[in-house]
There are 2 protein chains.
Amino acid sequence: AEKFREMSVAEFFAKNRELAGFSNPVRALYQTVRELVENSLDATDTHRILSSIYVRIEEAGSGGDKKIYRVTVEDNGIGIPPDHIANAFGRVLYSSKYVIRQTRGMYGLGVKAAILYGQLSAGKPVRVLTSTRGSDYVYYRALYIDTRRNEPRIVEAGQWRKSGSWHGTRVTIELEGDWSRSRSRILEYIKRTAVIAPYAEIFFETPEGVMYYFPRSTTKMPRPPREAKPHPHGIDLEQLKTMIQASGASTLLELLSREFQSVGGTTALRFLREVGLDPGMNPRLLLRKENQRLLVALADGLRSYKGFRAPRSDYLSPIGEDLIRIGLRSMYSPEWVDAVTRTPRAYQGHPFIVEAGIAYGGGIEPREEPLLLRYANKIPLLYEEREDVIYKVVSSINWKIYNVDFPAPLVVLVHIASTKVPYKGVGKESISEVPEIESEVRNAVQEVGRRLKSYLYRKGRQEEARRK
Amino acid sequence: AEKFREMSVAEFFAKNRELAGFSNPVRALYQTVRELVENSLDATDTHRILSSIYVRIEEAGSGGDKKIYRVTVEDNGIGIPPDHIANAFGRVLYSSKYVIRQTRGMYGLGVKAAILYGQLSAGKPVRVLTSTRGSDYVYYRALYIDTRRNEPRIVEAGQWRKSGSWHGTRVTIELEGDWSRSRSRILEYIKRTAVIAPYAEIFFETPEGVMYYFPRSTTKMPRPPREAKPHPHGIDLEQLKTMIQASGASTLLELLSREFQSVGGTTALRFLREVGLDPGMNPRLLLRKENQRLLVALADGLRSYKGFRAPRSDYLSPIGEDLIRIGLRSMYSPEWVDAVTRTPRAYQGHPFIVEAGIAYGGGIEPREEPLLLRYANKIPLLYEEREDVIYKVVSSINWKIYNVDFPAPLVVLVHIASTKVPYKGVGKESISEVPEIESEVRNAVQEVGRRLKSYLYRKGRQEEARRK
Ligand SMILES: Nc1ncnc2c1ncn2[C@@H]1O[C@H](COP(=O)(O)OP(=O)(O)OP(=O)(O)O)[C@@H](O)[C@H]1O
Ligand SMILES: Nc1ncnc2c1ncn2[C@@H]1O[C@H](COP(=O)(O)OP(=O)(O)OP(=O)(O)O)[C@@H](O)[C@H]1O
Ligand SMILES: [Mg+2]
Ligand SMILES: [Mg+2]
């Protein structure tokens, strides 16, 4: 007879840790650094704090062929309130980023996946030190994740009165890794992060005691992302039911104009008349079994009605053309560089902005195909390139049209910023082929490609003139 | 201030449904058919039942641009016991396949992801009819998934005395889809499933009323997969703790020889002496905080000790060289075909078998690269080809070595059977680059490639002889 049982989501990601990017010690060390750094950046630049981030990887003993590392990441971010520390690190699917806002984090899983891997490979608890701005205390917790119950199990706790004004978070995880083989990817990740965040200072100390330092080169920060209300095009039946249950709105008209973005009172009225619903109706009536058909009609109408304004894009936080040019120049010393930040679009109710940058010549080594730098919500993506929508677009471009003949010294950077990046997996390494995103990536790369073409044409003419 | 909250795993996969393969109506219709068919095949050929599977897709009304379909899949499988029906379909991460055995299912999510998508796009409950062998009753349930609680919400239930000896399961889900654009992939999926399962009869009725029929062409079934105990090389600290807590073993010696595969009494004794633990020790002492170091030493030792036998492979269920040849012949009418089932290997304590088949010429259209048919645990994989380890190996082969010049009429089939297939995502479309698997795929394809080479060489010589 078949043995039925349930699994907690912590057990699920412990057992299937390769789904989260923890398939082996090499990837696990990389992913642990990533998840911690991305949390630290979210805790700073989402809140107008000039990021100061310290990353340290030290050897922590070894048994047999197994190498254990202690990874510590500290930031000057907003910190975590004491009531939420245990769950933030000890409960899978617990997050402050389940709102509609452009952040690096979105799943409520990242740091927990790293803690689970550390726990099952090295057996040590995660250690957290944190203090929020304005708090008088620093809090300390050492904990394990009880996988069966998906709950934190605190093994040490403390708090001290703060003497200075430090605020931020320090997280220490011990895990099995392979520094010699993760090294180049981890360095690349940190470098590519620093390149598009010149307002951040990043220290990185390696197990060999080498200190890499990426200094802050500007105090000018991009505008932070803001939380948005849902857009009607992105609504589904479950969300609509939850919204009606939670909303204080007493009429359908009030529900639409209050709970959604891009829906004014006039538009709401026109829409409700078109879909055949009474604007004065109490929304809660739609939750009754006998009114199911009306609820479905409302959801369908919201998703397909063309009269709503586009999703707000001023809530998004692009890198910006200046920073992309500065970043590419500092990284490659090219002879030519340019960038474009496209106007916003939307897919399934989620606004997104595509940015592209191209660097050519100078210090760039000629290659058989463009060197592609992919970014999503300011995160550098280093794995799973071939199935990424960005790679598919860039590799499908006939670069001859832009006067580029391979081998050529060409670097292409593409960034997608959105309230929901459609990653292919929870390990956040590649982006799905959403048609609206695909066409916008193509437009962005072609736009900068045409500027490269003019430059190469002029350069070609100048060289001909010189030869005569 | 940041808004912290938790999410249930049902809410998580409803919100992030693209992770499970439900990114849009085209993929959702395909994935729904897949998840149901894979459950039906697991319910039959894992249990020595000659599979009879009926798939029907009908239009179920449309609203605006939205098209709703009713997908029904019925099988003659082992059915589901009444106590487990509601959870099997209404609780995400509930499964009978959380054991160490080669089955298509492994996550406890598949049918629930389809039900969630149907629920949020069409608003109808899933309907299940099921009866186990030997039961006097047929059971009926219509239910929704309560996403907030991750629990079934039953809206209709019934049971009837069975008049005949029918056993099996029928599942009906209504969802938004796009038949015209899913059509070719769904047909391809069913065809490729039938090709390697000639003991199965499959009926497929389309929305246009067309009936595709894949008749049973043999009653000879491959040996069914069997449940195995864990192998020491695959153990981690969490699993070891759970094992000790659940085991009745009163000594370490007993724990090792009873709870693991491939560990006899003599080997266990030798291993424990080598790792410095007392064979007579009560395993539960290792769970104490002060003995943490010993527990870690035991886990490390189990993972790295070379003296254990390889993981048992007779529990695996390959397709078999005969069936691969028959399947390729029936599908392509080639002039030449051959196949190999490799001897088993293991990665991280999980045994796996790689099989490869090649078909050449005859009815095959010449192409610029091999037509690649990927299979994992007898499931055809149709998406995400470029990041799959099988594609990476096959596309890296220099086929000139085997006398193949492109364009060429070449089909390559690769199947990986394992107690744990390392998929990249829960949507089960591509396989991670595990080094042991990668090298075994290469060996398998090269082995059949060498036979193709001989054939093409002889063919070439015969043609030369004829010309003279
Ligand atoms: N360094 C930090 N500073 C402030 N808050 C943090 C920090 N690290 C984690 N947190 C809090 O803990 C929560 C959980 O982090 P976790 O990485 O598990 O999920 P996430 O970042 O929300 O999403 P994702 O799984 O996509 O990373 C975060 O949402 C955040 O509120
Ligand atoms: N047609 C069926 N016949 C018998 N049992 C079934 C059938 N469909 C589902 N089940 C039962 O319901 C359980 C849950 O199915 P579900 O598809 O959600 O998960 P799974 O098949 O175990 O894993 P996966 O998520 O990888 O598909 C199965 O484990 C099986 O016990
Ligand atoms: Mg995170
Ligand atoms: Mg299944």
Side-chain angles (χ1 to χ4, degrees), chain A residues 1-9 11-12 14 16 18-19 23-24 63-66 78 81 84 87-88 91 93-99 106-108 116 119-123 147-148 236-239 242 292 295-297 299-301 303-304 384 386-387 422-426 430 432 434, chain B residues 1-9 11-12 14 16 18-19 23-24 63-66 78 81 84 87-88 91 93-99 106-108 116 119-123 147-148 236-239 242 292 295-297 299-301 303-304 384 386-387 422-426 430 432 434:
Chain A
E2 293 286 277
K3 299 175 198 155
F4 285 88
R5 75 172 183 97
E6 71 174 313
M7 212 188 255
S8 84
V9 65
E11 287 179 284
F12 180 80
N16 300 300
E18 69 281 354
L19 296 176
S23 28
N24 56 62
D65 338 309
K66 190 164 126 182
I78 56 166
H84 295 288
N87 281 328
R91 189 184 294 270
L93 302 190
Y94 195 88
S95 168
S96 63
K97 303 168 199 170
Y98 283 152
V99 295
M106 62 187 283
Y107 294 128
L116 284 170
Q119 194 168 303
L120 52 85
S121 63
T147 53
R148 185 77 222 47
D236 61 58
L237 283 162
E238 289 290 311
Q239 283 177 307
T242 307
Q292 161 93 343
L295 182 74
V296 175
D300 289 354
R303 289 233 305 270
S304 54
E384 307 292 318
R386 294 289 158 106
E387 284 294 342
Y423 294 107
K424 286 187 185 282
V426 291
S430 65
S432 312
V434 171
Chain B
E2 293 287 277
K3 300 176 199 155
F4 286 86
R5 76 173 183 97
E6 69 174 315
M7 213 188 255
S8 83
V9 66
E11 287 179 285
F12 181 80
N16 300 301
E18 69 282 353
L19 296 176
S23 29
N24 57 60
D65 338 310
K66 190 165 127 182
I78 56 165
H84 295 288
N87 282 329
R91 189 184 294 268
L93 303 191
Y94 194 88
S95 169
S96 63
K97 302 168 200 171
Y98 284 152
V99 294
M106 63 187 283
Y107 295 129
L116 284 170
Q119 193 168 304
L120 52 84
S121 64
T147 53
R148 185 77 222 46
D236 62 57
L237 282 163
E238 290 290 311
Q239 282 176 306
T242 308
Q292 161 93 345
L295 182 75
V296 175
D300 289 354
R303 288 231 308 269
S304 53
E384 308 291 321
R386 293 290 158 105
E387 283 294 338
Y423 294 109
K424 286 186 184 283
V426 291
S430 65
S432 312
V434 171

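The chains referred to below are lettered A, B, ... by the order of the sequence lines, with proteins before strands, and numbering in each begins at 1. Please read all numbers here as calculations on a predicted model, not as lab measurements. Atom set for the values below is all heavy atoms of this structure, side chains included, hydrogens, waters and symmetry mates excluded.
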Are any side-chain N or O atoms of B/Tyr98 and backbone N or O atoms of B/Tyr107, one a donor and one an acceptor, separated by less than 3.5 Å? yes
Counting only non-hydrogen atoms closer than 4.5 Å, does A/Gln119 touch chain B with its backbone (N, CA, C, O), its side chain (CB onward), both, or neither? both
Can you say whether A/Ser8 sits under 4.5 Å from chain B via the side chain, the backbone, both, or neither, judging by heavy atoms? backbone
Which atoms of B/Ala297 approach chain A - backbone, side chain, both or neither, heavy atom under 4.5 Å: neither
Segment of B/Arg5 engaging chain A (4.5 angstrom heavy-atom cut-off): both
Report which part of B/Arg303 has an atom under 4.5 Å of a heavy atom belonging to chain A: side chain, backbone, both, or neither. side chain
Just by modelled atom types, is the B/Ser121 backbone N or O under 3.5 Å from a matching donor or acceptor in the B/Lys66 side chain? yes
Side chain, backbone, both or neither: which part of B/Val426 has a non-hydrogen atom closer than 4.5 Å to chain A? both
What's the verdict on side-chain contact (heavy atoms from CB on, under 4.5 Å) for B/Leu116 and A/Glu238, showing C-alpha distance, side-chain angles and the deciding distance? CA-CA 9 Å; B/Leu116 284 170; A/Glu238 289 290 311; 5.9 Å; no
Out of A/Glu18, A/Glu387, A/Glu384, which one pairs with B/Lys424 under the side-chain hydrogen bond (donor to acceptor under 3.5 Å, both in side chains) rule? A/Glu384
A/Glu6 side chain reached by B/Leu93 side chain, heavy atoms, under 4.5 Å: no
So which of A/Gly108, A/Ser95, A/Ala1, A/Gly425 has the largest heavy-atom pair count under 4.5 angstrom toward chain B? A/Ser95
Does any part of the side chain of B/Phe12, heavy atoms only, come nearer than 4.5 Å to the side chain of B/Leu19, both counted from C-beta? yes
What part of B/Leu295 gets within 4.5 angstrom of chain A, counting heavy atoms only: side chain, backbone, both, or neither? neither
